[in-house]
Protein chains: 2
Amino acid sequence: MLKQDTTLISDDTQVSHLHKVKSTSSDKTSTTLADQILVQIQTSIIKGELPAGSKINEQALAEKYGISRGPTREALHTLERQRLVVRSPHVGARVAQLTVSELNDLYQLRSVLEGMACELAASRITPEQLAKLEDLLACQDAALAKGDTYFQEEGDVDFHYQIIQASGNKHLQETLVGGLYHLLRMYRYQCTNKNRPVKAIAEHRRIVEAIAQRDGELASLLMRRHIEQGRKNTELRLIELQANAAAKETLANIS
Amino acid sequence: MLKQDTTLISDDTQVSHLHKVKSTSSDKTSTTLADQILVQIQTSIIKGELPAGSKINEQALAEKYGISRGPTREALHTLERQRLVVRSPHVGARVAQLTVSELNDLYQLRSVLEGMACELAASRITPEQLAKLEDLLACQDAALAKGDTYFQEEGDVDFHYQIIQASGNKHLQETLVGGLYHLLRMYRYQCTNKNRPVKAIAEHRRIVEAIAQRDGELASLLMRRHIEQGRKNTELRLIELQANAAAKETLANIS
DNA sequence: AGTAAACACATTGTTGACAATCTGTTCAGG
DNA sequence: CCTGAACAGATTGTCAACAATGTGTTTACT
């Protein structure tokens, strides 16, 4: 019923850790059409196949996935909650686009929230959760040795995600995972720096150590610094990217 | 076109400050049906006319407001983003219901976020914004003298809202105003304590003073304490409320 | 030639009918 | 009497057509 023959192959491993998968194996017949295409549109946006700032046509999207406009609208509504899409009445939906200043605001907010998550995690984390975190660190080391950059990205998302989970604060989780994380992933994906992971993983290790020692204050501090590093990196790339876009536009205006 | 003859009279003054109104006077023909009933359902939930935890029937809601299920579903989707409603696929929507622990989590998150807002506001607030805040304090004093409890509530919402605005961080604003505030208002409305405002207004004054003196650290501290007071208050009322509900249920089960 | 109103087109908002799924009940079996 | 499966009813998900609104173009006027 759903067109799967597009170039947009599933690739839902990328979000497998963000949303708890119910079934153990392939969950072909997912709960609802809107949810199914939601994931696909998400990855399209995050990868930049739907560029930041571009207009989204409901009908075109619906036809692309072989469904009607109803579920498409629902998916867009959810994407709006995830900050990946901006909608205005009677005008339509656009892919979100951040100015440099807004990106900094976003990172500042993230920094505060994940700092809070660290502090909570340090006092509430269970031995199992801690073990999972340490497993993850080992995997990241292994991936680093192999030069597997994709898993490094994935692992980084997982690292932050697990700490947020360990915080045990449902509203914090919802705010970060349901609200901010997708937008962060989008800019991280499109503005990532391949040199970062080496240092980032070392920082991860120190954060986990602090949490293991139940030192919430330190863990929070380290996390905030860690995120600040990421912010600087992404900011530079975004400035570069926007400069290119501006240059292209002026060229187009001349001709 | 829209049934206005229900007992649910408009009463949208209550949210007039949360959403910037475009037109200067009566905006009868609002942008979209979904947005119109959204406000009405919001107030129904906040006032407890739709009780916490109760099931929401799409068809019934649609008929109540004389519209079809389409816009109703959209409104429910928005309410889900505002945390006032919980939806699960193929099952339906329920009015959100917090346990005591979740309420504490919510307040903890709010505390951190509004602390951040204070710190930002202290460094970024404009003279105009500061003047508006001080006007508001004066109004609250006047309302207190008259014993106008309704305006006190409204003024409190506005107080926090204006500080959040003054923070200048768009994502912080969206997270608090678009995400958490409605749920907070719901529990505040249903669990409010009439004695609080006297002290609360004094706390407000000190926070504004700290912001005016550009002392972000102090403003943040005072705000977090202020919110902690509110939390304690609401928590006690919620425990009481839930005890009553539990008692009623056991009675019902016996008969 | 530049500006503003009027038009046509495209797109979104809304509706009612139909399909798929869940929930609660009934009925059979142990 | 209790447990479990089949059934019926209700409710949500999806669809396609229609209405309302915004956007861009054309055209008339200064």
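Order of the sequence lines fixes the chain letters, A, B, ..., with proteins taken first and strands second; residue numbering starts at 1 for each chain. This is a predicted model, so every value here is computed, not measured.
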message: As an exercise, state the distance from CD of B:Gln42 to CG of B:Leu50, rounded to the nearest 0.5 Å.
response: 12.0 Å

query: Which of the following nucleotides, C:dT11, D:dA17, D:dT12, is nearest to the side chain of A:Asn57?
result: C:dT11

Euclidean distance, atom CD of residue B:Glu58 to atom C1' of C:dT15 [Å, nearest integer]: 14 Å

- prompt: Do the non-hydrogen side-chain atoms of B:Arg83 and A:Glu174 ever get within less than 4.5 Å of each other?
  reply: yes

- line: Among the nucleotides C:dT15, C:dA17, D:dT11, whichever has the atom closest to the side chain of B:Ile67 is C:dT15

field: Presence of salt bridge, B:Glu74 and A:Arg87, under 4.0 angstrom
entry: yes

- prompt: D:dA20 P sits how many Å from B:Gln36 CD, rounded?
  reply: 14 Å

query: Touch check for B:Gly92, heavy atoms < 4.0 angstrom, all strands: base, sugar-phosphate only, or nothing?
result: sugar-phosphate

- prompt: Where the side chain of A:Val91 is defined as all heavy atoms beyond and including C-beta, which of D:dG13, C:dT14, D:dG22 is the nearest nucleotide?
  reply: D:dG22

message: Without decimals, in angstroms, what is the distance between B:Arg73 CZ and D:dT14 P?
response: 7 Å

task: Taking all non-hydrogen atoms of both residues into account, name the closest pair between B:Arg124 and A:Asp105 and its distance.
output: NH2-OD1, 3.8 Å

message: Can you tell me if B:Thr32 touches the phosphate of C:dT14, counting only side-chain N or O atoms and a distance under 4.0 Å to OP1 or OP2?
response: yes

- prompt: When you measure from the side chain of B:Ser68, which nucleotide among D:dT21, D:dT12, C:dT15 comes out closest?
  reply: C:dT15

query: To the nearest angstrom, how far is A:Arg69 atom CZ from C:dT11 atom C1'?
result: 7 Å

- prompt: Rounded to the nearest Å, what distance is computed from the CZ atom of residue A:Arg87 to the P atom of nucleotide D:dG22?
  reply: 15 Å

message: Of the options C:dT12, C:dT15, C:dT21, whose atoms approach the side-chain atoms of B:Leu33 most closely?
response: C:dT15

query: In whole angstrom, what separates B:Gln59's CD from D:dG9's C1'?
result: 14 Å

message: Mind checking if B:Ile56 touches a base, just sugar-phosphate, or nothing, with heavy atoms under 4.0 Å?
response: sugar-phosphate

query: With a 4.5 Å heavy-atom cut-off, do A:Arg110 and A:Tyr181 have their side chains touching?
result: yes

task: Round to a whole Å and report the spacing from CG of A:Asp35 to C1' of C:dT21.
output: 14 Å

- request: Would you tell me if any nitrogen or oxygen in the side chain of B:Lys55 comes within less than 4.0 Å of OP1 or OP2 on D:dA10?
  value: no

5′-ward residue of the pair A:Gly70/A:His90 relative to DNA chain D: A:Gly70

query: Rounded to the nearest Å, what distance is computed from the OH atom of residue A:Tyr65 to the P atom of nucleotide D:dT14?
result: 16 Å

